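Written below as structure tokens is the structure these notes are about.
Computed from a predicted model, the values in this text were never measured in an experiment. Chain letters run A, B, ... following the sequence lines, proteins first, then strands; residues in each count from 1.
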Amino acid sequence: MDIIFRVYRELYSMYGPQGWWPLLGHGGYHKEDYTLPKSQDEVFEVCLGAILTQNTSFTSVVQSLENLEALGALSVEGVKKLPVEVLKNAIKPSGYFNQKARYILAFVAFFETLTKVPTREELLRVLGIGEETADSILLYGYKQNEFVVDSYTKRIFFRLGLIEERAKYADVKHLVQQSFQCVEDTNKLWIEYQEFHALLVEHAKRYYSKRPYARGCPLVKL
DNA sequence: TTCCAGGCAATAC
DNA sequence: GTATTGCATGGA
């Protein structure tokens with residue numbers, strides 16, 4: 001069997017379903033409930049979180065989202081009503097608040113124009129949305145079959161000898177997606193991609209956060 | 001105190 | 001095209 005798919009199966013057996021993307025209104029994670037996000041506001045919350053978590057831990061993002069919720073700004077209309085300084089102050093816990101405020105306002109303007117699921121290309125044209133953020137929005141907000149590659153993914157794959165150290169985003173993404181061609185139901189491939197990405201993050205937090213990386217990592221034996 | 005966190009845009013070569 | 005730099009707070 002494909003080595004990357006074996007890594008997925010191994011991680012799933014180790015940690016089980018992860019229940020990403022966390023949503024405030026559902027107590028955070030929601031294991032094995034793949035119906036979420038349901039409302040447009042919940043989709044919007046995923047998008048906000050995807051922007052706020054750039055190079056930032058999600059625990060900090062939760063603080064920002066809670067601040068926004070308290071301001072009634074966990075929606076497009078809510079964010080638009082906020083003075084920019086109030087918005088910046090609310091998202092301060094997530095860092096880079098000047099940039100991220102601009103990104104959020106740019107995204108709000110884009111989100112308002114949507115009449116369907118956005119394409120990846122459309123998302124990438126929005127200020128502040130790069131490849132990972134675009135794929136996070138598509139995978140977790142819109143249930144599209146787009147695997148998310150992050151720094152943890154690259155770090156683990158590199159340590160396991162599966163990619164080059166400076167492998168490009170698109171190359172890693174395609175490598176994973178090719179490895180998942182064995183999945184029968186391609187209509188629900190996004191569920192596997194959601195779990196795999198979340199599992200990689202969980203695993204990286206345990207074994208790949210402190211140097212030397214991979215110390216005690218049980219995947220090395222694969 | 002230092003290091004790191006679920007990146008991105010602008011700029012420099 | 002690839003490499004570097006600024007962005008900023010909070011927790012370990």
Side-chain donor-acceptor pair under 3.5 Å between His26(A) and Glu42(A), yes or no? yes

Bounded by its outermost nucleotides with an atom under 4.0 Å from a heavy atom of chain A, the footprint on DNA chain B reads dC4(B) to dA9(B)

Within residues 22-36 of chain A, the residues having a heavy atom closer than 4.0 Å to DNA chain B are Tyr29(A)

Decide, yes or no, whether a salt bridge links Glu192(A) with Lys188(A) under the criterion of side-chain N to carboxylate O below 4.0 Å.
no

Between dG6(B) and dT5(C), how far is it from one P atom to the other, in whole Å? 24 Å

For this session: Give a yes-or-no answer on whether the side chains of His203(A) and Tyr15(A) include a donor-acceptor pair shorter than 3.5 Å.
Result: yes

Nearest-angstrom distance, P atom, dA10(B) to dA8(C):
14 Å

Tell me if the aromatic rings of Phe196(A) and Tyr193(A) count as close, with their centers under 6.0 Å from one another.
no

Kindly state whether the ring of Trp21(A) and the ring of Phe58(A) have centres lying under 6.0 angstrom apart. yes

Query - Six-ring centre of Tyr207(A), Arg215(A) cation under 6.0 angstrom, axis tolerance 45° - result: no

For nucleotides 4-12 of chain C, 5' to 3', base contacts (B), sugar-phosphate-only contacts (S) and non-contacts (-) with protein non-hydrogen atoms under 4.0 Å give --BBBSSS-

By salt bridge (Lys or Arg N to Asp or Glu O under 4.0 Å), Lys210(A) pairs with (sequence neighbours left out) none

Should the ring pair Phe107(A) and Phe44(A) be called parallel, tilted or perpendicular, given that the plane angle runs from 0 to 90° and is split at 30 and 60? parallel

Contact check, residues 127-146 of chain A vs DNA chain C, heavy-atom distance under 4.0 Å, returns none

Practice prompt. Tell me yes or no: between the side chains of Ser64(A) and Asn67(A), is some donor less than 3.5 Å from an acceptor?
Written response: no

Residue pairs meeting side-chain hydrogen bond (donor to acceptor under 3.5 Å, both in side chains), one or both in residues 128-138 of chain A, sequence neighbours left out, come to Gln54(A)-Thr133(A), Arg120(A)-Glu131(A), Arg120(A)-Asp135(A), Asp135(A)-Tyr169(A), Asp135(A)-Lys173(A)

Taking the six-membered ring for Trp and the single ring otherwise, decide whether the centroids of Tyr8(A) and Phe180(A) are under 6.0 Å apart. yes

